[in-house]
Number of protein chains: 2
Amino acid sequence: MESSSARSGGSTRREATRQKLYEAAVTLIAEQGFSATTVDEIAERAGVAKGTVYYNFASKSVLFEELLRHGVGLLTASLKDAAEGTARAGGGKVDALDAMIRAGLVFIDRYPAFTQLYVAELWRTNRAWQSTLMVVRQEAVAVVEGVLREGVAAGEFSDEIDVQLTAAALVGMVLVAALDWKSFQPERSLDDVHAALSRLLQGRVSGRV
Amino acid sequence: MESSSARSGGSTRREATRQKLYEAAVTLIAEQGFSATTVDEIAERAGVAKGTVYYNFASKSVLFEELLRHGVGLLTASLKDAAEGTARAGGGKVDALDAMIRAGLVFIDRYPAFTQLYVAELWRTNRAWQSTLMVVRQEAVAVVEGVLREGVAAGEFSDEIDVQLTAAALVGMVLVAALDWKSFQPERSLDDVHAALSRLLQGRVSGRV
DNA sequence: TGATTTGAACTGACTGGTCAGTGCAAAAAT
DNA sequence: ATTTTTGCACTGACCAGTCAGTTCAAATCA
């Protein structure tokens, strides 16, 4: 039953090459798009033979799909952590929202290429991994929707807000602001960006001071 | 001097086929991405021979670049109109912002495919049309930034806001909310969506009623 | 009027190159 | 001893871009 040596999730060597392939694929695809990126390029950047790609993944599309799952999984976990952290600290739902904005920024700061790639694929239709993407998107947005709904139930947010649409808008706000940050003013600090977005969220834009 | 027949901008037939090619290309590229879309497909959907594509455009990339210019030109004009409209009506900068949100929604409602395609390409690096995209993006975002700056100067907005980042965040808010609307709840009315975003903008999310 | 010419616009078969995926024997790692 | 990786040659499909030839409406001619 138990196979070789100490393990913590899958045969270690295999997992390591899969990881290298993910990393190579994510940057290349973010830069060039899925179709413009060749398997040879991915293999080369990962420092691996082409045959190894096919030993580890059934096809180019499958590699990409698993990459998507992997990445969004990290994001979802991070958002949940953020929301639960504020809850444990006795904060309200506004704090949870704020913490999630920060978690989003941290994620994008760490994995800008993945974010870019995700955005580029998210609303496409007629692609093989379309359904994977929907599922995985819903998992992430659902975390935000959950906090909003709880906030409404607790009377902390107006019950007139449209949960689904507001969640999407919040995600968009963070996403686009962060991509802009990384693309056009990468020298700014995360705290700085976070402060600007918090201000916007709390409606402290209009109104002097 | 005057060449054939009545004309008003360019040989009419040519302009008509170019328009057909734009329309064919925009939906196909939005669905599949640039590299996955073949020139044969574009020609076929436009009801035109492949050679005609190359008679009208130097290359596939050039067709795409001109398509980008064309589309963002429409958006920029529409945003400007919206802002100026409220100014003439004696409204403040909050009204201008609100009008621009609506203009953005109207645009996305009308050209969802173009919007999708634009978002997918916007933050890519290492692509031929990268510079075109930057220029054209800046034209659009500048309109929003302009209104924010005027609002700050007029004391209508806090002078602590980060104009560039806030503009990006606002654009992102509208963009993602609208794409979500079109993708997942297309039956909702524009007014409905607009109301939800206005509420978010004016900070009427937290705080009951 | 009808016949002829002109040239911009369009056509579609063809070419040269690219790339996903295969096959397999030998080497390395565990 | 078994799993994993390598290296490399090969195939067949696909595709951007080309080009010699066709169409047709307007212009010119007779």
Side-chain angles (χ1 to χ4, degrees), chain A residues 1-26 28-29 31-67 121 126-129, chain B residues 1-26 28-29 31-67 121 126-129:
Chain A
M1 266 304 135
E2 78 306 69
S3 41
S4 61
S5 73
R7 56 172 47 194
S8 48
S11 73
T12 330
R13 185 143 91 111
R14 203 143 194 260
E15 212 44 54
T17 49
R18 288 172 70 100
Q19 191 62 39
K20 280 196 291 183
L21 285 169
Y22 283 155
E23 276 159 27
V26 80
L28 286 167
I29 296 179
E31 281 169 6
Q32 307 176 324
F34 175 80
S35 305
T37 301
T38 69
V39 174
D40 289 280
E41 279 178 309
I42 296 173
E44 192 191 347
R45 172 154 327 179
V48 136
K50 187 180 185 179
T52 305
V53 176
Y54 285 94
Y55 182 78
N56 283 280
F57 298 95
S59 69
K60 186 186 172 188
S61 310
V62 168
L63 161 57
F64 184 56
E65 258 182 85
E66 299 199 6
L67 174 58
E121 291 297 330
N126 297 348
R127 303 231 76 177
W129 50 81
Chain B
M1 264 307 136
E2 79 303 72
S3 42
S4 59
S5 72
R7 57 175 48 191
S8 48
S11 73
T12 331
R13 185 140 95 108
R14 202 143 193 263
E15 212 43 54
T17 49
R18 288 172 71 100
Q19 190 62 40
K20 279 196 292 183
L21 285 169
Y22 281 155
E23 276 159 27
V26 80
L28 286 168
I29 296 179
E31 281 168 5
Q32 307 177 325
F34 176 80
S35 304
T37 301
T38 68
V39 174
D40 288 279
E41 280 178 308
I42 296 174
E44 192 190 346
R45 173 154 324 180
V48 135
K50 187 179 190 176
T52 304
V53 175
Y54 286 93
Y55 182 77
N56 283 281
F57 299 94
S59 68
K60 187 186 173 188
S61 312
V62 168
L63 162 57
F64 184 57
E65 260 182 84
E66 299 199 6
L67 175 59
E121 292 297 330
N126 296 350
R127 302 233 75 176
W129 50 82

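We name chains A, B, ... by the order of the sequence lines, and we start the count at 1 in each one. All figures in this text were calculated on a predicted structure; none of them were measured in a lab.
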Next on the checklist: Using a 4.0 Å heavy-atom cut-off, does A:Thr37 contact any base of the nucleic acid, only the sugar-phosphate backbone, or nothing at all?
Outcome noted: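 Sugar-phosphate contact only - A:Thr37 comes under 4.0 Å of backbone atoms but never of a base.
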
Checklist entry - Across the strands shown, which category fits B:Val53 at heavy-atom distances under 4.0 angstrom: base, sugar-phosphate, nothing? => result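 B:Val53: no heavy atom of the nucleic acid under 4.0 Å.
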
To the nearest 0.5 Å, what is the distance between [atom1] ([X]) and [atom2] ([Y])?
| X | Y | atom1 | atom2 | value |
| --- | --- | --- | --- | --- |
| A:Ile42 | A:Ile29 | CD1 | CD1 | 5.0 Å |
| B:Ser35 | A:Phe34 | OG | CZ | 11.0 Å |
| B:Thr52 | B:Arg18 | OG1 | CZ | 12.5 Å |

Checklist entry - So which nucleotide from C:dT11, D:dT5, C:dG21 ends up closest to the side chain of A:Ser59? => result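 Comparing C:dT11, D:dT5, C:dG21 against the side chain of A:Ser59, the answer is C:dG21.
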
Item to check | Out of D:dG17, C:dG12, D:dC15, whichever nucleotide has its closest atom nearest the side chain of B:Thr38 | outcome: D:dC15

Without decimals, in angstroms, what is the distance between [X] [atom1] and [N] [atom2]?
| X | N | atom1 | atom2 | result |
| --- | --- | --- | --- | --- |
| B:Lys60 | D:dC14 | NZ | P | 15 Å |
| B:Asp40 | D:dC14 | CG | P | 12 Å |
| A:Arg18 | D:dT3 | CZ | C1' | 15 Å |
| B:Phe64 | D:dA16 | CZ | P | 14 Å |
| B:Tyr54 | C:dA9 | OH | C1' | 17 Å |
| A:Phe57 | D:dT5 | CZ | P | 10 Å |
| B:Ile29 | D:dC15 | CD1 | P | 14 Å |
| A:Lys50 | D:dA9 | NZ | C1' | 11 Å |

Taking only side-chain nitrogens and oxygens of [X], does any of them come within less than 4.0 Å of OP1 or OP2 of [N]?
| X | N | answer |
| --- | --- | --- |
| B:Thr17 | C:dC10 | yes |
| B:Arg14 | C:dA9 | yes |
| A:Thr52 | D:dT6 | yes |
| A:Thr12 | C:dT30 | no |
| B:Tyr55 | C:dA9 | yes |

Checklist entry - Would you find a donor on one side and an acceptor on the other, under 3.5 Å apart, between the side chain of A:Arg45 and the backbone of A:Ala25? => result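 Absent.
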
Checklist entry - Using the ring of each side chain (for Trp, its six-membered ring), is A:Phe57 parallel, tilted or perpendicular to A:Tyr22, with breaks at 30° and 60°? => result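 Rings of A:Phe57 and A:Tyr22: tilted, 30 to 60°.
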
